[in-house]
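Step one of this worksheet: look at the structure below.
Order of listing sets the numbers, starting from 1, for every ligand and every atom in it. Note that these values count all heavy atoms, side chains included, but never hydrogens, waters or copies made by symmetry. Numbers for residues simply follow the sequence, beginning at 1.
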Amino acid sequence: MKISSFHPPQRTLMGPGPSDVNPRILEAMSRPTIGHLDPEFVRMMDEMKELLQYAFQTKNKMTMPISAPGSAGMECCFVNLVEPGDKVIVCQNGVFGGRMKENVVRSGGIVIHVDDEWGQAVNPTKLEDALKANPDAKLVAFVHAETSTGVVSDAKLLVELAHRYNCLTIVDTVTSLGGIPVLVDEWGIDAIYSGSQKCLSCTPGLSPVSFNKAAVDKISQRKHPVQSWFLDLNLVMGYWGEGAKRAYHHTAPINALYALHEALVILQEEGLETAWERHQKNHQALRNGIEAMGLKFIAKENERLPQLNTVTIPEGVDDATVRNKLLQDYNLEIGAGLGALAGKAWRIGLMGHASNKTNVLLFLGALDSILTGAGANINSGVAVQAALDYYA
Ligand SMILES: *Cc1c(COP(=O)(O)O)cnc(C)c1O
């Protein structure tokens, strides 16, 4: 059998990521591949650092994209900052906090658990209790925007608490960056990672990271070498560091970096504040439609992420059937519930380029007609108008 070129269908991506990619970014990706030590490429890398500093709202010199997806950004923070025997407090309120714990264990650290129910924000009182009970803890790690539940935690307060007890912080902002405020310097976050394919609306496969001076100092004082060669920041910085004399570390994913550069240029053109407002506004319109239909959100009102909406599936409705219909009839992808929420909730992303009025109306109209057709107990025919009323 002769295999021919792969032509994916054109979808609308309203799940937990990847999100719709702006056509400008895909165009940027198709520009000529040049050498990764070419002076023109090096110039682009310098601009990239500046653009990332803007996105993260930081002056940290050690700010760059890791050449691998968000999970590698996570691993990079843990393998560099955790030394064998270090106590690390991990606050878990969903799937991704669980992965943080795995990373601590594999780095030789000791996990102190602070667990909250899925669907709730990280509880600062529980964190403070753990800090008091473990005066020798070195680090606190948590997820700012839990993509598995659609919940935001108070990053500023959690970082402040960690610092009061002399701990450094590792914060997951894979889903928050570009969608809601992430203020690295103002909040004092020590190590942070994100991803390219959520609210930055870039293609998947890159993970922006940033480390402040306290984090860099802890890394430079390590007694044991970082166990991962690829993610050892001392080596990565030889490539991403200052000036013209860059050493070969790995071949950068050249065209993928063009894409991230373009995504960050787009973010800069729109402005962070405007991007945050847009995410909020489209979330509000979606919410009006969802609630008019009679469906409910999982997260409490003041803990909801505008870019990731977890909505309960109505009684008697089959999760997979609805998602398959959305995909087949509307070319529209939403996410299934994860872990404890599997079969019980849908995850509706309004991330980056996908956070727009057309998508909100398309989704509400599609869901309304599918649920009505399935005989579900909802208020039919009102969702789209409720969203339109909000926009008006
Ligand atoms: C998507 C996601 C990740 C993992 O990113 P990948 O690019 O899929 O590796 C980590 N943390 C959170 C909160 C995420 O939403």
For the residue pair R106 and F78, would you count it as a cation-pi contact if the rule is NZ or CZ under 6.0 angstrom from the ring centre and within 45 degrees of the ring axis?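 Judged by the rule, R106 and F78 form no cation-pi pair.
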Side chain to side chain donor-acceptor pair (under 3.5 Å): which pairs involve residues 204-215, sequence neighbours left out?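 Qualifying pairs, neighbours excluded: N60-S210, T63-S210, D190-N212, K213-D217.
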If you measure from the Lys or Arg side-chain nitrogens to the Asp or Glu carboxylate oxygens, is any gap between R43 and E40 under 4.0 Å?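 Looking at E40 together with R43, the answer is yes, because their closest N to O distance falls below 4.0 Å.
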With hydrogens left out, which residues have an atom under 4.0 Å from ligand 1, given that only heavy atoms count?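 Its neighbours under 4.0 Å (heavy atoms only) are P69, G70, S71, F96, V143, A145, T147, D172, V174, T175, Q197, K198, given by chain and number.
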Taking the side chain as every heavy atom from C-beta outward, state whether I110 and V88 have any atom pair closer than 4.5 Å.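 I110 does not reach V88 side chain to side chain.
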Would you be so kind as to tabulate the donor-acceptor pairs closer than 3.5 Å made by side chains of residues 372-384, with sequence neighbours excluded?
residue, atom, partner, partner atom, Å
T372, OG1, D368, O, 2.6
T372, OG1, D368, OD1, 3.1
T372, OG1, S380, OG, 2.8
N379, ND2, A292, O, 2.8

List the atom pairs, donor and acceptor, that lie under 3.5 Å between side-chain atoms in residues 24-35 and the rest of the protein, sequence neighbours left out.
residue, atom, partner, partner atom, Å
R24, NE, E262, OE2, 3.0
R24, NH1, E269, OE1, 2.9
R24, NH2, E262, OE2, 3.0
R24, NH2, E269, OE2, 3.2
E27, OE1, R31, NH2, 2.6
E27, OE2, R31, NE, 3.4
S30, OG, E27, O, 2.8
T33, OG1, N255, OD1, 2.8
T33, OG1, N255, ND2, 3.4

